[in-house]
**Q** 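One structure, as structure tokens, below. Some questions next.
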Amino acid sequence: MNSYEPLYIDYLIYFNRDQDYFECHEVLEELWLKCDRDSFYKGMLQIAVGLYHFRNGNLRGARMMLQSAVELLEPYPSITQGIELERIVKEVRELLEGLTDANSDSFPYRDLTIVIQDEVLIQAVNLRSQHVKPNIPQRRSPTRGRIYEEKMRALQQKQQ
């Protein structure tokens, strides 16, 4: 048994294994709301959203999310919630430098990896990843919430 939230473990799986930043947002937003809008989870969520925007060519959105993530996460200790937080924040800062450069349009996209430091968390991620199905191809739009549910109802009605 570990003390890590299952949604946090899922986030780490989607982030590191699948680079599915859209799903990262989905699972961590649920945890963020459950935990009274905890700033750590918000910062981690914003890293995923920033990478999602960057990968999809929305450089302005990427800069905004990544900058906010850095500001939220910098006050935390270098090792937080079982991960090397200082390392990922440093890598996000490096992306931000490239994205704010005069030649940011040609700055190459790259995925990031969250280094897990706590052995208990590593084991929890490894165990859970056997049950979390990869989202391939990665989703590009919401699959939860009111708008999604309305679209699905409309689609089901068309099929009847």
Side-chain angles (χ1 to χ4, degrees), residues 4-74 76 80-85 87-100 104-116 121-122 124-156:
Y4 294 102
E5 291 281 348
L7 290 170
Y8 177 60
I9 293 169
D10 288 355
Y11 168 85
L12 293 170
I13 292 167
Y14 288 122
F15 196 99
N16 286 341
R17 183 188 72 186
D18 303 344
Q19 288 86 41
D20 185 343
Y21 304 120
F22 188 90
E23 190 61 23
C24 287
H25 168 268
E26 296 290 285
V27 297
L28 214 55
E29 182 178 47
E30 190 176 332
L31 180 58
W32 173 65
L33 292 171
K34 177 184 162 191
C35 294
D36 296 324
R37 301 174 189 262
D38 182 283
S39 60
F40 170 77
Y41 293 129
K42 183 176 182 180
M44 296 303 292
L45 186 158
Q46 289 180 335
I47 290 174
V49 174
L51 290 172
Y52 176 83
H53 286 316
F54 187 12
R55 183 164 52 201
N56 291 308
N58 178 357
L59 302 184
R60 181 176 182 272
R63 281 190 295 268
M64 290 173 58
M65 284 293 109
L66 296 174
Q67 181 63 49
S68 179
V70 167
E71 291 168 6
L72 285 169
L73 296 172
E74 277 181 329
Y76 286 90
T80 299
Q81 288 281 351
I83 64 170
E84 293 187 15
L85 185 62
R87 176 186 254 178
I88 191 75
V89 170
K90 179 179 178 270
E91 291 183 32
V92 169
R93 244 189 256 112
E94 290 169 2
L95 286 182
L96 269 171
E97 288 173 17
L99 288 170
T100 53
S104 63
D105 289 344
S106 61
F107 185 69
Y109 171 79
R110 68 180 173 98
D111 290 311
L112 299 180
T113 299
I114 297 171
V115 176
I116 302 172
L121 183 56
I122 291 170
V125 166
N126 288 338
L127 181 63
R128 177 78 179 133
S129 68
Q130 296 170 19
H131 305 285
V132 174
K133 184 179 173 187
N135 289 325
I136 299 173
Q138 296 165 345
R139 291 182 304 134
R140 300 287 183 210
S141 62
T143 58
R144 297 181 190 176
R146 182 185 54 81
I147 294 171
Y148 173 75
E149 290 167 8
E150 288 172 0
K151 282 182 182 178
M152 290 298 104
R153 272 194 293 273
L155 184 62
Q156 288 173 350

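Just so it is clear, the structure is predicted and the values come from calculations on it, not from any experiment.
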**Q** What is the distance from atom CD1 of Ile116 to atom CG of Leu12, rounded to the nearest 0.5 Å?
**A** 5.0 Å
**Q** Does any non-hydrogen side-chain atom of Arg17 lie less than 4.5 Å from one of Pro134?
**A** yes
**Q** If every non-hydrogen atom of Leu66 is compared with every non-hydrogen atom of Ile47, which pair is closest and at what distance?
**A** CD2-O, 3.8 Å
**Q** Measure from the side-chain N and O atoms of Ser129 to the backbone N and O of Asn126, and report whether any donor-acceptor pair falls under 3.5 Å.
**A** yes
**Q** Looking only at heavy atoms, which two atoms of Gly82 and Tyr4 are closest? And how far apart?
**A** CA-OH, 3.5 Å
**Q** Applying side chain to side chain contact (heavy atoms under 4.5 Å, CB included) between Met44 and each of Thr80, Val49, Leu31, Leu85, report the one that passes.
**A** Leu85
**Q** So, taking the atom named CD in Glu91 and the one named OG1 in Thr113, what distance separates them when rounded to the nearest 0.5 Å?
**A** 7.0 Å
**Q** Output the distance between atom OG (Ser39) and atom OH (Tyr76), rounded to the nearest 0.5 Å.
**A** 2.5 Å
**Q** Between Asn16 and Ile114, is there a donor-acceptor pair closer than 3.5 Å when you use the side chain of the first and the backbone of the second?
**A** yes
**Q** Please name the pair of heavy atoms, one in Arg55 and one in Tyr21, separated by the smallest distance, quoted to 0.1 Å.
**A** NH2-CD1, 3.2 Å
**Q** With sequence neighbours excluded, tell me which residues meet side-chain contact (heavy atoms from CB on, under 4.5 Å) with Glu74.
**A** Val70, Val89, Arg93
**Q** Could you tell me how the ring of His25 sits relative to the ring of Phe22: parallel (under 30°), tilted (30 to 60°) or perpendicular (over 60°)?
**A** tilted
**Q** Report yes if the side chains of Asp111 and Leu51 come closer than 4.5 Å at any heavy-atom pair, otherwise no.
**A** no
**Q** To check you understand the geometry: which heavy-atom pair defines the closest contact between Tyr11 and Ala48, and what is its length?
**A** CE1-CB, 4.1 Å
**Q** Any idea which heavy atoms bring Gln81 and Tyr41 closest together, and the distance?
**A** NE2-OH, 3.6 Å
**Q** Do you see a donor-acceptor pair shorter than 3.5 Å between the side chains of Tyr52 and Asn58?
**A** no
**Q** Looking only at non-hydrogen atoms, find the nearest pair between Ser68 and Gln46 and report the distance.
**A** OG-OE1, 2.7 Å
**Q** Within the structure provided, determine whether Tyr8 and Phe40 are in side-chain contact (heavy-atom separation under 4.5 Å).
**A** yes
**Q** Rounded to the nearest 0.5 Å, how far does NZ of Lys133 lie from CD1 of Ile13?
**A** 15.0 Å
**Q** Working to the nearest 0.5 Å, report the span between OH of Tyr109 and CG of Leu95.
**A** 8.5 Å
**Q** Measure the spacing between CD of Gln19 and CZ of Arg110 and express it to the nearest 0.5 Å.
**A** 12.5 Å
**Q** Determine which pairs satisfy salt bridge (Lys or Arg N to Asp or Glu O under 4.0 Å) with at least one residue from residues 33-47, sequence neighbours left out, and list them in order.
**A** Glu5-Lys34
**Q** Exactly one of Gln67, Arg60, Met65 should register a side chain to side chain contact (heavy atoms under 4.5 Å, CB included) with Arg63. Which one does?
**A** Arg60
